[in-house]
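Values below: all heavy atoms of this structure, side chains included; hydrogens, waters and symmetry mates excluded. A quick note: this is a predicted structure, and the numbers were derived from the prediction, not measured.
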Amino acid sequence: MRLPISWMSLALMAGLWVIAFLAAIPIIHSPVYWDESVHYFTARNGSPVDGHFQDLWGNRVNSPDALFWQRPAWYAMFWAPAQGDLATFRVAHAAVAAGLAPIGFALLRAFGFTRVTGAAAGLALAVMPPLPTWAALGFMDPMMAEALGLAVVARRLHWWRTSAAFAVLAVWFKETALILVAAWTAIELIRGWINGRAKAWPLRLGEREASAVYATLLAPLPILYGMLKDVPTPGGFAYHPTVEIADAVLGTSWLAVPLAVGLLLRPSRALAALGLATGAFFVVLQVMGRSTESWYLVPSVLFAVVGAAAACEAVVRAAWRRPALRAAALALVLASGGVCAAAAALPSDAGREHLFPLSGRGPLPWREEVTFQTTVRDQELEAAFAALPIDGHTTLVLIEPHWPPEYVRLADAGPVIMDMAYIRAFVGLDTQRLAQTMEANGTWTMLYEGKHPMQQAIAEVYADCVVERFGGISLIIAEPCAGRWQQLEAADRRFGGP
């Protein structure tokens, strides 16, 4: 089979890519975003951070070098852009991630839907939150979603081996896709068994079943190798309310309505089921206690928008033959399009909470998201770092830092000594060593104020040595306050420390 792509379709896809790229560009110059710094440095040199980040005992503070093997395709893809600065890296990332919009178009065309429907879905994918944000920032999920989308396109065209290759690539972009690929393989095997193409004994597989099995066997090999090299288990513990995830997993939970309708109609059934199943997967992940972050939702929003668009066209086709249904079909199309437009543009103070009826909270509209990312998020932290002497030789001590973003902010700094509660849980607490390190000649200390006993103790004991404050961050030159380690130890115990 051939993909029904004409010159007109290629022009539409190029236009959708441009719109998606331009929607991401304003976010390029926002502050580095948490794990993005680890991704950037791992792509750059195979290691999450340079060796000048240490604890009090001189041990390198770092994630394992084998982290590369957790997501090797993504790190290899962005090796060249990561040799430049963070902005260059992000521009390259946005250029690749903007492919989500034309891939949405290609998905609908592969399933026989019109260019108009494909273009409408592609436009929604270009501007609907949270897609522009995670196109601009350096996370793997857009590339994982693109590879999954291309795997579905190839499968629809009966390009079984190509489909399997894209499925493997999706897992090598991000390991979360492995569960989806394994589920796809299970479905193929069950269908093959029902249709007589596959047999359990003696083992016999058709080309489509064999390609799926090979994909599932090959996909986890890099991460298994990384785990042998002590790469930690991916992901973290859930802390977002599950209802918020359920509200945002489809872009807006109202898209569940056209997706449910799409299940009833044969032309849209497969894409509607894919949208609902992908969304359900991320909700279940959250319920099982694994944190589902905003950037995780890129593939579920992709398939939800595509599935909803397919459902709308399928309803219009059905209503064309039944005049009594035309009003209902028109209402579904207008409502679905209106919900997507509102998700992209409706201001927060204009009833936006109604787009997310379960929790009343969801991603910001595009304009507000750009403002938040570039002028609000981490601005006090950025000002504090701008005040530090990042000159390549001054020693910096960070107390309970909001790492790993500091990896990018202090890439050109001198020795960076990090003291955090989780490090002290492994190596113990030496208050005298900490005080002497802070009080050494020329050393600057950045205190992130909080509720840990040592944070409160340092804030009290060295209050008269603070040179500048930026919100909840204090910059301290403790050299004039030398000899206070016993006071620091007493204050730490008074605040509940060991």
Side-chain angles (χ1 to χ4, degrees), residues 33-36 38-39 42-43 48 63 66-78 93 96-97 99-100 103 130-131 133-135 137-152 163-187 212 215-227 231-240 242 244-246 248-251 274-306:
Y33 194 99
W34 295 100
D35 286 354
E36 182 186 23
V38 172
H39 304 330
T42 303
S63 298
L67 191 66
F68 173 89
W69 295 103
Q70 193 177 79
R71 295 151 186 180
W74 192 91
Y75 290 126
M77 174 180 283
F78 291 104
H93 186 274
V96 178
L100 276 171
I103 286 173
L131 302 184
T133 300
W134 306 121
L137 305 183
F139 286 78
M140 295 82 179
D141 303 80
M143 289 77 213
M144 178 184 75
E146 289 175 340
L148 289 172
L150 290 172
V152 174
S163 179
F166 278 121
V168 171
L169 187 62
V171 179
W172 290 4
F173 279 138
K174 189 173 182 182
E175 69 290 335
T176 309
L178 180 59
I179 299 175
L180 298 173
V181 171
W184 162 59
T185 300
I187 292 170
T216 305
L217 293 176
L218 288 173
L221 294 182
I223 191 172
L224 290 174
Y225 174 79
M227 292 173 72
V231 171
T233 303
F237 295 109
Y239 59 91
H240 296 293
T242 300
E244 287 187 18
I245 301 302
V249 74
L250 304 178
L274 183 60
L276 288 170
T278 311
F281 164 69
F282 287 107
V283 173
V284 170
L285 196 67
Q286 175 77 15
V287 170
M288 292 175 63
R290 303 302 292 174
S291 181
T292 300
E293 304 291 350
S294 175
W295 54 88
Y296 283 33
L297 306 183
V298 174
S300 61
V301 174
L302 166 67
F303 292 123
V305 170
V306 167

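Note that the CE atom of M140 and the OH atom of Y296 stand 10.5 Å from one another [nearest 0.5 Å]. Expressed to the nearest 0.5 Å, how far NZ of K174 lies from CG of L148 amounts to 11.5 Å. Rounded to the nearest 0.5 angstrom, W69 CH2 and T42 OG1 are separated by 13.5 Å.
Using a 4.5 Å heavy-atom cutoff, the side chains of V152 and F166 are not in contact. Contact check for V96 versus F78: side-chain heavy atoms found under the 4.5 Å cut-off. Contact annotation: the side chain of M144 never approaches that of W74 to less than 4.5 Å [non-hydrogen atoms, C-beta and beyond]. Side-chain contact between P72 and F173: absent, with no pair of heavy atoms (C-beta onward) separated by less than 4.5 Å. Between P299 and F282 there is a side-chain heavy-atom pair separated by less than 4.5 Å.
Other residues, nucleotides and ligands contribute over 12 non-hydrogen atoms within 6.0 Å of the CH2 atom of W134.
Partner of V249 under the side chain to side chain contact (heavy atoms under 4.5 Å, CB included) criterion, chosen from L285, L297, V301: L297. Just one of D141, L302, V298 meets the side chain to side chain contact (heavy atoms under 4.5 Å, CB included) condition when paired with L131; it is V298.
Put simply, the side chain of T185 gets close to the backbone of A212: a donor and an acceptor are under 3.5 Å apart. Although no hydrogens or angles enter the test, the distance criterion places no donor-acceptor pair under 3.5 Å between the side chain of E36 and the main chain of L137. In this structure, the side chain of E175 does not engage the main chain of R71 through any donor-acceptor pair within 3.5 Å.
Heavy atoms only, all atoms of each residue included: A151 and A167 are closest at CB-N, 4.0 Å. Shown here for T292 and Q286, the closest heavy-atom pair between the two residues is N-OE1, 3.0 Å. Of all the heavy atoms in L100 and A145, the pair that sits closest is CD2-CB, 3.8 Å. Residues L169 and A73 approach most closely at CD1-CB, 3.7 Å, considering heavy atoms. The nearest pair of heavy atoms linking A135 to H93 is O-ND1, 2.7 Å.
Classified by interplanar angle (parallel below 30°, tilted 30° to 60°, perpendicular above 60°), the ring pair F139/W295 is tilted. Taking the six-membered ring for Trp and thresholds of 30 and 60 degrees, Y75 and H39 have ring planes inclined between 30 and 60 degrees apart.
When only modelled atom types and interatomic distance are considered, E244 and T242 share no side-chain donor-acceptor pair under 3.5 Å. At a cut-off of 3.5 Å, with distance as the only test, no side-chain donor of S300 or T278 sits close to an acceptor on the other residue.
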* Could you go through the side chain to side chain contact (heavy atoms under 4.5 Å, CB included) check for S163 and W184 one step at a time? => CA-CA 11 Å; S163 179; W184 162 59; 3.8 Å; yes

